[in-house]
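Numbering of ligands and ligand atoms starts at 1, following listing order.
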Amino acid sequence: MKVLGINAIYHDPAAALVVDGEVVAAAEEERFSRRKHGKRPLPWSAWELPELSAAWCLRHAGIRPEELDAVAYSFDPALMVTPEETGLFDDGDVMRQKYAQMAPDFLAHALPGLDPAKVHFVKHHVAHAASAGKAAPQRDNAVLVLDGRGEAHSHLAGRYVDGQLEVLAGQSLPHSLGLMYEELTDHLGFLRSSDEFKVMAMASYGKPRFLGELSELIRATGDGGFVTERIDFTEFAPRLGKDEPWTEAHADLAASVQTRLEEVLVDLARWVHEQTGEKTLTMAGGTALNCVANTRILAESPFEQVWVQPAAGDAGTALGAALHVAAELGERTEPMPGAALGRGWTDDEIERWLETAAIDYERPDDVAEAVAEVLADNGIVAWFQGRSEYGPRALGHRSLLAHPGFQANLERMNDVKGREQFRPVAPMVLLERAPDIFSRGPIPSPYMLFVHDVAEEWRDRIPTVTHVDGTARIQTIDPDTEPLVHRMISAFERRTGLPVVVNTSLNTAGRPMVDDPRDALECFGSAPVDLLAIGPFVVRRPRPTPRP
Ligand SMILES: [Fe+2]
């Protein structure tokens with residue numbers, strides 16, 4: 001059984017392919033089109049399909065469009081209500097509905113040979129739910145979808161028993177934790193439905209002194225749902241334009257909303273635990289990328305484990321929709337094998353790219369040792385290995401690496417990436433060494449979706465990755481699943497005593513993550529990076545970058 005999943009309606013268009021119950025490929029359109037987030041989440045862009053990523057998924061598996069058993073589209077226009085009924089009064093919904101209804105014909109055009117009758121519409125939040133509950137390693141689990149919006153809802157609470165979803169609660173619009181956080185993102189001068197993680201970072205600089213007022217306006221209702229009243233954020237701090245400097249009041253507002261969000265999410269998690277008694281909570285939806293909230297849910301809800309879909313935003317609905325439809329067609333689906341579901345290249349193919357670029361390169365005995373050498377010398381390394389990641393985080397396949405022992409490297413990395421200086425960078429750590437250094441969050445933590453406390457005695461040793469509040473958003477590296485990355489960090493530890501390297505995504509300002517070897521060469525060519533480690537090869541910058 002071959003099922004292609006498609007996310008197209010709002011943002012982060014993506015495609016995923018499930019063959020005989022197994023996830024064989026998944027990729028975001030932005031990695032192919034080189035346009036960040038694929039498109040803007042505007043009504044008139046709802047027709048745009050992830051044509052390039054969908055075609056690649058099929059090519060990767062050697063499948064022709066006419067051989068597909070089904071295409072799963074992660075939005076069901078029949079479930080939409082009028083703009084008045086949602087209470088959002090969003091006239092764009094009329095256009096979204098029309099384009100979604102036409103998606104089968106559009107898809108048949110984009111994938112010649114596809115029978116439009118094979119396109120199934122999947123409720124948006126059922127697709128998110130499946131991307132968590134059916135992709136997680138624990139087959140039975142409780143599930144929370146924490147989103148901005150779907151057809152008429154913003155949330156779903158349920159459980160998976162033997163692969164079947166039972167929906168227990170859903171919150172209808174206009175109440176939406178995701179949209180409320182997007183409003184704040186916009187109010188603080190950032191890009192809505194894109195920059196929410198900047199608000200989370202800003203929150204760590206503030207005090208939640210507006211919590212009292214917000215507790216009335218944002219609250220769980222005790223029945224699995226919640227209320228979000230309209231909030232006039234100007235009552236707390238003035239609206240900011242793009243790149244305008246923020247003040248203590250802005251940080252305090254971010255801290256207050258963040259804290260209130262965490263409290264309500266903990267309430268929702270407790271409710272779904274009461275209903276299900278499951279040990280594992282799985283989560284998806286854009287709000288589930290809030291790693292500070294995720295750690296709090298793990299710490300304060302009765303669940304023993306919390307598993308979050310690494311592509312928790314809308315991109316992940318392509319995967320979830322495909323898993324859901326495969327199961328509906330009678331397939332027993334398997335958990336996702338990891339996040340490295342995108343494009344990869346053979347050594348020969350990579351070498352041909354290097355030859356084409358007419359650039360000096362070497363093939364060291366061990367690329368892991370060569371990289372560790374440069375990192376130990378405080379160089380910056382562009383690391384391009386294996387298949388690219390599905391979801392917004394670099395997880396050791398398309399990464400920018402640095403020494404974590406120098407405070408100045410935070411500024412240096414943010415300069416390379418053209419990012420705000422208050423943004424933290426994250427550590428990759430050897431799995432077996434992680435408990436010595438990090439606590440509170442879960443270990444293992446392979447997808448960087450939780451925050452951990454950095455042990456007091458380690459904070460000065462790894463200042464680049466220790467945030468102002470003494471936390472770090474870690475990725476643990478398991479030698480079984482990531483042997484090359486593990487070898488590279490081990491080689492770094494032998495030289496420096498630190499089982500940790502700085503890891504941030506391989507891209508420059510405003511661009512999607514590097515995906516193919518040419519992107520890697522372009523990124524290396526334009527950014528102050530000392531070494532490009534691409535497959536077994538390395539390319540050195542002739543003049544080393546200034547070391548702080
Ligand atoms: Fe969504």
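Counting only residues at least two apart or on different chains, the salt bridge (charged side-chain N to carboxylate O under 4.0 Å, His left out) pairs with a member in residues 139-148 are R139-D162. Applying the ring-ring contact (aromatic ring centres under 6.0 Å, His included) definition to pairs two or more places apart or across chains, none involves residues 11-30. The list of ring-ring contact (aromatic ring centres under 6.0 Å, His included) pairs with a residue in residues 158-187, not counting sequence neighbours, reads H187-F233.
R473 is not listed as a side-chain neighbour of L449, based on a closest heavy-atom distance of 4.5 Å or more.
Between W246 and Y205, the distance from one ring center to the other falls under 6.0 angstrom.
Excluding waters, the protein N/O/S atoms found under 2.8 Å from the Fe ion (ligand 1) are H124 NE2, H128 NE2, D147 OD1, D147 OD2, D314 OD1.
In this structure, SG on C57 lies 11.0 Å from CG on L52, to the nearest 0.5 angstrom.
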